Every structure is written in structure tokens, then in C-alpha cells.
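Keep in mind the model is a prediction, meaning the values are calculated, not measured. Letters go in sequence order (proteins before strands), and every chain restarts at 1.
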Protein chains: 2
Amino acid sequence: MADLQNVYSYIDEHKDSMIADLQRVVRQPSISSTGTGVRECAALLVEMMTEIGIDAQVMETAGLPVVFGQINDAGPDKPTLVIYNHYDVQPADPESDWESPPFEARIVGDRMIGRGTTDAKGNLMAHLKAVEALRATSGMPINVKFIFDGEEESSSPSLPGFVESHLDLLKADAALSFDGGFDAGDIPRINLGSSGLLFIEMSARGGTHDLHSARARLVPNPAWKLVWALASMKAPDGKILIDGFYDAIRPPTDLERGLLEKANWNDEAQMRDLGVDAFLGGVTGVDALQQLLFTPTCNIAGFASGYVGEGHKTLLPSTATVNVDFRLVADQDPTDILAKVRAHLDKHGFTDIEVRGESGIEPSRTAADSPFAQVVVEAARQVYQQEPTLRPTGDASGRQAVWLAGKLGGIPGAGTAVGPPDWHGHAANEFMTLGHFINGVKYAATIWALFAEAPRS
Amino acid sequence: MADLQNVYSYIDEHKDSMIADLQRVVRQPSISSTGTGVRECAALLVEMMTEIGIDAQVMETAGLPVVFGQINDAGPDKPTLVIYNHYDVQPADPESDWESPPFEARIVGDRMIGRGTTDAKGNLMAHLKAVEALRATSGMPINVKFIFDGEEESSSPSLPGFVESHLDLLKADAALSFDGGFDAGDIPRINLGSSGLLFIEMSARGGTHDLHSARARLVPNPAWKLVWALASMKAPDGKILIDGFYDAIRPPTDLERGLLEKANWNDEAQMRDLGVDAFLGGVTGVDALQQLLFTPTCNIAGFASGYVGEGHKTLLPSTATVNVDFRLVADQDPTDILAKVRAHLDKHGFTDIEVRGESGIEPSRTAADSPFAQVVVEAARQVYQQEPTLRPTGDASGRQAVWLAGKLGGIPGAGTAVGPPDWHGHAANEFMTLGHFINGVKYAATIWALFAEAPRS
């Protein structure tokens, strides 16, 4: 195993220049929602990656570019890790809410304040500085590929297409991402799964134009059509009635259930946050957490038809639209679920309801006892000298490492984070602490070193 | 029977002054939506009514005033007719769309152009001029009470309360109203019924605030609650599932069905108007007309929850609201139906759905073979020398004579009209023809004369 003490010493000795390099990247805005500075930031990263020996390039997508890089010093006998990160940031409006300008990267005490310091430039730079430290000391223990997304803060619309057309280029033995910060109590967190998502719009028509509601005796009401279709899709007890909907679900293992039991779930605190007196189905404790992480949904995200508001209009609407999102869990497939929704509607006589499927995100889950998951856990223990929180999967859907791992044929994947807790995500005065950043560099180097020695999964 | 030829001669000889009096009333704006001129118009009517021997007064309501009048010359042996009309008008914006100013009442050829010429000042003045003509010739054949609404164009919000607190004052043997114009082809029309209406708002809550839709695993979705509640209220075949909903319905008589068969209903023309290829339930012909006039509805007039629009928000909404209107048919009672909706929801476990009932309008229907209905039909034949269209009931809901008849204990009621067809209702260049107005005066006088001789129903 690589002599990590040498690597850690190098990192400590060069922390000022590493922090300065982070400042340099933060000072280049890269706001994907407006496009501001995104290409300039991509070019800057390629320059910095090239400087430290990474074969890097800007690669075009259907939208904003991906920065791709690889470094194969370790040779073909060593495993390859693909690292997902994103270099775009949220907007910083209004700047007047910031205590220092959002793209100045000012250091105040132990904090670097700026948009992207944690989300995700600090997380991203931890990897690049680990390359620098390892190449200056014991050498790269593994081969690494980098895919830096330029659209993460805009839902990564071009990423699926990019990944699908570059499967060979991205081929790897495991996938990793760093994003965000530690859990409350300054505890490192490792996510091994993410939810999937299928978002659909269902629409129905009645007559060609809105009518006086007296005509409802002769003209079909599209809102009623959607009501009946929806009621056929999910029962009041929450059971989703679409044929085959639950077929592909992989239930939690005993190990995963055990992780939930260690998760310090607090019903009261969660109920307070969510604004409810009880959870759906009356679940409590670990069962509630399991329901949150391991069950799919069929959720009405929006329903619009006719008029609701001041006064009352006795209207027979001509159109009705409902948005439904399905949170999916491994190994449900959004394309398959969309086909099952259509088949369900046809079977129940709702052939004239139009369904448009959008934004399929595949769920993914890596087994908690897989060698790669254990590598990341062990690296967190070594660097942070404490037990990380291991989350078997997340409730939200995203296209980071765990998702990428699924797209790359089901290789193991993990998402973790190097930023501080309470880092003001997406808000004014986002910050990284210098300590968290430097530890993050060590965390990346340690994961790679341990992965080099781990059994191949 | 009164010598109507004398009365008709008087009307013909005095038509210029009668037309001038209509102009005088039209020239006084009385827009209920803004209140403009309404009280001035009420005062003018009281002055004109007093001049011709009617005991008239302005009576306050919770909103704009009612003009009430009575004339009991005929004595206690003769029947009493209560006449509903309205003296308020629609706004006339934009005035630039009018070929002459809307409150000038300019006469061009045979037309008087102006807001309210037909709706309803021309209809209203036909009654007052009939009083003048009868008192100048053969005397009043019956006793008449007048209730002139000042809020009809604003849905008559104060009328139910006014009627309920003046039942004795309004006591009568039958109720009549004149409003609007003839059917296409210049055919007089007599309505014997009107639909009822119950408008409700149903609302449900989930958490205290909108949430990320991943939380739908633990937090109830209020849009789903409404979907399930609605689906429990009405089946996809259109049957309303609320216990007792249909109990009070009076089915059409053979006579009423016969009237439908004479109604010249045209499926194709109606489908074109409504923008559909077929009617609900596949009905056609007279069956479609019967469905339109004699069946109640449970109509979703509006459904709003979450977000529907550009982009897609994966949102778990905290609130959902649906507006439902029920068109009711005789003898359903909106108050009773509201109670049955509440009982239905409670029985099906939807106790936490809030229901606010608004705008109850009672349905009402007078038998087509009642003596009063026959009086109106016979008067139309005599004055217009053609067979009127007799509609056993209307699809829309309103608070005119037929409704008033129901409120006054189920006395017979009829609504008819003296204006021309295509009179530009609620639009620019509303007009009355001088001929239709003068015939309307004769029509009123004839109805009264025939009613004096008719058997008491």
C-alpha cells in the first residue's frame, strides 16, 4: 500500500498553493443557468489538469461542455476509477446578500467564502490536488478518469446522452463523486444509492373550447377523465395499481436495514421539518426511514384544469393536465415504467389520455458490503478518525456517481462529500473551510490508495 | 274577458310616448357591477310607476335596492300575479364599439340601440306600459306585484335573502318574468323551468408547506385525497354515487317529453356548437335534449394543486382545491345536496376534506298543462299569431320568475321574452325593435286578461 504519510505531509506542506488554486477556480464564474463563464471555467480546468499530468480536454455535449480527463500512470494491472464532479455553479443573486463578493473567494478566518467553494469546486479540486500530491510522492496508485459536468445545477440535461455515446471512454471499475458537505455534527457521509425519477404529463381534452357548465350533461369533462385515470393508478391505501410496477424492486438487504438502524432517525424532528403529525401509513422509526429510502412513489406534482380562485366560475373546462412524478428505486427502469403507465391507461379505457414522459433518471444502488463501498468507508475512518454515516441509498434523484455506476453496467458507485456541514448550499455566503478542503485532498488520495489494494468486485 | 281590441288600439295610438318612456329609462345607466346610476334608476322607476297608479317604493336589500310595487285595482276576487324583472344592466365597455352611445337610446330605423334596451328595460317597461293601457281602457283585470331586481347582472346575490324575508308581501297566485329576446326565426319562447345550482369548493391539506416530491413517501398528498374523494363521488359511467342524490328528482311527464319532441333539436348543429363528435353516454336526438334538461350534473369546474407549466417541478403540494358545481333539477334542493356531499365524504373517510358550499339556487319547474302555462301560451298565440316554443325547463340556472315561483311555495311560474332574436345580448349595439316592444306591451296585457279568466290552479 502507498505510503500515505508521505502524501499527507506533501499536502500539508503545499496547502497554501492548493487553497490558492481553489480560489483561482472559484474566481472564474460558471453559472449554467445563464451560461456565464462556463466555457472559460472548462478551459481553466483543462489547463490546470494538464499542468499536473492529466490528459484533459473539453468535450461538447448537446448543451454545455463536459471536461474529460484521464491519467493512466498506474498501468493496466491497476483498477480504474471514474470520478464524476460538476464545475458549474448556482447563480449568486442578489450579490448584496453576500458578506464578500461571491466570486472573490475571500478567506475570512478558516473560511473561504464564495459561490462554488463547496458546491462543487472545493469537492472537485480535492481530486485534482490529490493527483498532484500522489504524483509528487508515491505515484498514482490507480488509473483515474474524470468527467466534470457543466450542467449539474440545471438538472444535467445533456449528461445522459453524453454518457450513452461515450460508454467505452468512461469504462471503469468503480465510480465516485464528491459533492456538498458533511452531515450535522461534522460527520462524513457516504451514499451508496440514489432514487430514480420518471416525470410524466398526462393531459385530456373535452370539447374544443371551455363551455358553460350546464353543458356538462352532454360534453365530457377532461378533469373527470384524469381523476378516474389517476384513481385507477393508485389506491387510497397508497398501493400503486399499475401492472408490474413493483416487479423490478430489489428489497433492502439485512445489512442495509442494519445501516438504517444506525442512522439516528428522529421521528419528531422529521415530522417537524415536513409539517405533519404522522407519516403516511402510520410508520415510525426505522420503518419510516426504510419507507423513505426503499419505496417508490406515484406523486401528483401538479393538477390544473378550469378555474379556481376569487369568485366562482361554473365552467366546463376543455382541457386538464396533471403532472405525476414517480420516484423509483433500484432496479426499476423509468423507460419500462413509462410503458407500463401507458399500458395501464389503455387497459382501463383511457386511450385518449395523452402521456408525455420526461426526465427519466435511473435509480441505482451499490451493495454496502461491496469491496468499493468498504474502501470509501475505511478511507473516511483513516482521514477523519471517526465512523462515517453510510447511507444505503438516498431519497432524492440525481445523476452523480451512483447513477453513473448504473449507466456503466452496474459497477460499484459511491457519493461522498468533503465540505463542512451547514455550508449555505445554494444560498448567499456559501463557504468551504480550509481544513475541510485540505482533509478532502487527503480523503481522495486515501480512497485511491485503498482501492488499489482492494479485491476486485 | 277584457275587450283587448280597445287595449291594443290604445297601445298603438300611444306608441310614441311609450317608446319615449323606454328611452327615458335606458338613458339612466344602472350598472350593477360598478353601482353606477343604480339608485337613480330605481328612483326614476318609482316615479314612473307612481304616475300610472302603482303603489311603488325603493326597498333596501343587503346589496343594491329592489323596486317593489303593487296595484290591487282588480280587487280580492281576482288573482294576483307577481312579476319579476331587473332594472340593472351590463357594463357597456368599450363605448367605442358602439355605433351610437350606449346610453343615448338612439332610434335608427326600427331599432332603439342602447344598453338595456332588451336586457331588461324593454322587457320591464312592457309591463308598466300595459298597466297604463289597461287603466286607460278596461281597467286592470288582475292584481299585480312587481319586484324589480337591481343585481341580476351580478348574479342577484341579495335576492334570495330579500325574498325570504318578504314572503307575505310577495304572496301571489303565479309568477311571470320577461327577459331577453325571441328564438331564432322570430319565434316567441316560454320557459317553464330552470335548473338549480350548488357550487362547492373542496380543499385538502398535506404538510404545512410544499415539499420536494421525494418526501411523498412519508407525507400525504392533498391532490390525491381530492382525486380519491372525487372518484368516490362519480363513476366513470357518469353515475353520481352520493347516497340519495337522485331521490328528489321529478322525471319528465309525457307532456314534457312531447314538448321536447317538438323542439327542433339538431344533433349536428349542437355538436358543432359544443365542439364534440358525440354526446356523453352516446345519446342522440330528443334523448340528448332530455339529458340536457332533465338530468343533474356533478362537474369539476376547476382543479388546482402544485405546479403545471413550463419546465417540470417535482413538487409535493401542501394544498389542493377543487371547485365542483352541481346542476340540479326539480325538485332537488341545494341545501339538502350539500348535506349529502358532506355525509358522503365522511362515510368514505374523507373527514379532513373541507367543503364550502356557495351559491345555492333552487331548481323549479311548472307543469306544462297548468292553467297559468296555458294562459301564457294562449296570449303568445293571440299577440304573435304563431305557436310559441314551450320549453319545459332550461339547462341554465337563474333567479327569475320560475325560481321565484318555487320560493313562493311552488306557485306556477313562467319566463318569456319580448325582445327581438339576435339582440346582441351583453355586447355592443344591444337593441330592441320598436315593433317588438309595442307587441310586448300587448303581450303583457293579454297574459293578464287571460289569467283573470283562467281556472285557479
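- Checked against B/Ser232 for a side chain to side chain donor-acceptor pair (under 3.5 Å), the options B/His348, B/His344, B/Lys347 give a single hit: B/His344.
- Only the backbone of B/Ala235 comes within contact range of chain A, with heavy atoms under 4.5 Å apart.
- In terms of heavy-atom pairs under 4.5 Å with chain A, the best-connected choice from B/Val276, B/Val322, B/Thr314, B/Thr321 is B/Thr314.
- A/Asp273 touches chain B through its backbone: at least one of N, CA, C or O sits under 4.5 Å from a heavy atom, while the side chain does not.
- Of the inter-residue distances, the one linking B/Phe326 atom CZ with B/Thr297 atom OG1 reads 8.0 Å to the nearest 0.5 angstrom.
- Proximity to chain A (any heavy atom under 4.5 Å) is shown, for B/Asp210, by neither the backbone nor the side chain.
- B/Glu153 has its side chain out of reach of B/Ser33: every pair of non-hydrogen atoms, C-beta onward, lies at least 4.5 Å apart.
- Residue contact with chain B, scored on non-hydrogen atoms closer than 4.5 Å, involves the backbone and the side chain of A/Ile300 alike.
- When side chains are defined from C-beta on, A/Val286 counts as touching A/Arg257, because their heavy atoms get closer than 4.5 Å.
- Relative ring orientation between B/Phe303 and A/Phe303 is described as parallel, the plane-to-plane angle staying below 30° on a 0-90° scale split at 30° and 60°.
- Your options are A/Met271, A/Gln270, A/Lys313, and the one with the most heavy-atom pairs under 4.5 Å with chain B is A/Lys313.
- Considering only heavy-atom pairs separated by less than 4.5 Å from chain A, the leading option among B/Gly207, B/Ser305, B/Ala231, B/Ser318 is B/Ser305.
- Proximity to chain A (any heavy atom under 4.5 Å) is shown, for B/Lys234, by both the backbone and the side chain.
- A search for salt bridge (charged side-chain N to carboxylate O under 4.0 Å, His left out) contacts involving B/Asp267 returns nothing, not counting sequence neighbours.
- Using a 4.0 Å cut-off between charged nitrogen and carboxylate oxygen, B/Arg205 and B/Asp352 do not count as a salt-bridge pair.
- Open room surrounds CG on A/Asn264; 12 or fewer heavy atoms of other groups in view lie less than 6.0 Å from it.
- Residue A/Trp228 touches chain B through its side chain alone, counting heavy-atom pairs closer than 4.5 Å.
- Taking 4.5 Å as the limit, some side-chain heavy atom of A/Gln332 sits within range of a side-chain heavy atom of A/Ile249.
- Each of A/Gly206, A/Ala214, A/Ala288 has some count of heavy-atom pairs under 4.5 Å with chain B, and the biggest count is that of A/Ala214.
- Heavy atoms of B/Val283 lying under 4.5 Å from chain A belong exclusively to its side chain.
- By the side-chain contact (heavy atoms from CB on, under 4.5 Å) test, B/Ala263 pairs with B/Leu289, sequence neighbours left out.
- Within a 6.0 Å radius of CG in B/Asp237, more than 12 heavy atoms belonging to other residues, nucleotides or ligands are found.
- With respect to chain A, the highest number of heavy-atom pairs below 4.5 Å among B/Gly238, B/Gly309, B/Ala216 belongs to B/Ala216.
- Of the listed residues (A/Asn323, A/Val324, A/Asp277, A/Asn299), the greatest number of heavy-atom pairs within a distance under 4.5 Å of chain B belongs to A/Asn299.
- Chain B forms more heavy-atom pairs under 4.5 Å with one residue of A/Leu211, A/Leu292, A/Leu230 than with any other, namely A/Leu292.
- Only the side chain of B/Asn221 comes within less than 4.5 Å of a heavy atom of chain A; its backbone N, CA, C and O stay farther away.
- Taking chain A as the reference chain and counting heavy-atom pairs below 4.5 Å, the highest number among B/Ala320, B/Pro236, B/Pro220, B/Gly306 is found for B/Pro236.
- Among B/Leu315, B/Leu293, B/Leu316, the residue with the largest count of heavy-atom pairs under 4.5 Å with chain A is B/Leu315.
- Proximity to chain B is limited to the backbone of A/Ala278, based on heavy atoms less than 4.5 angstrom apart.
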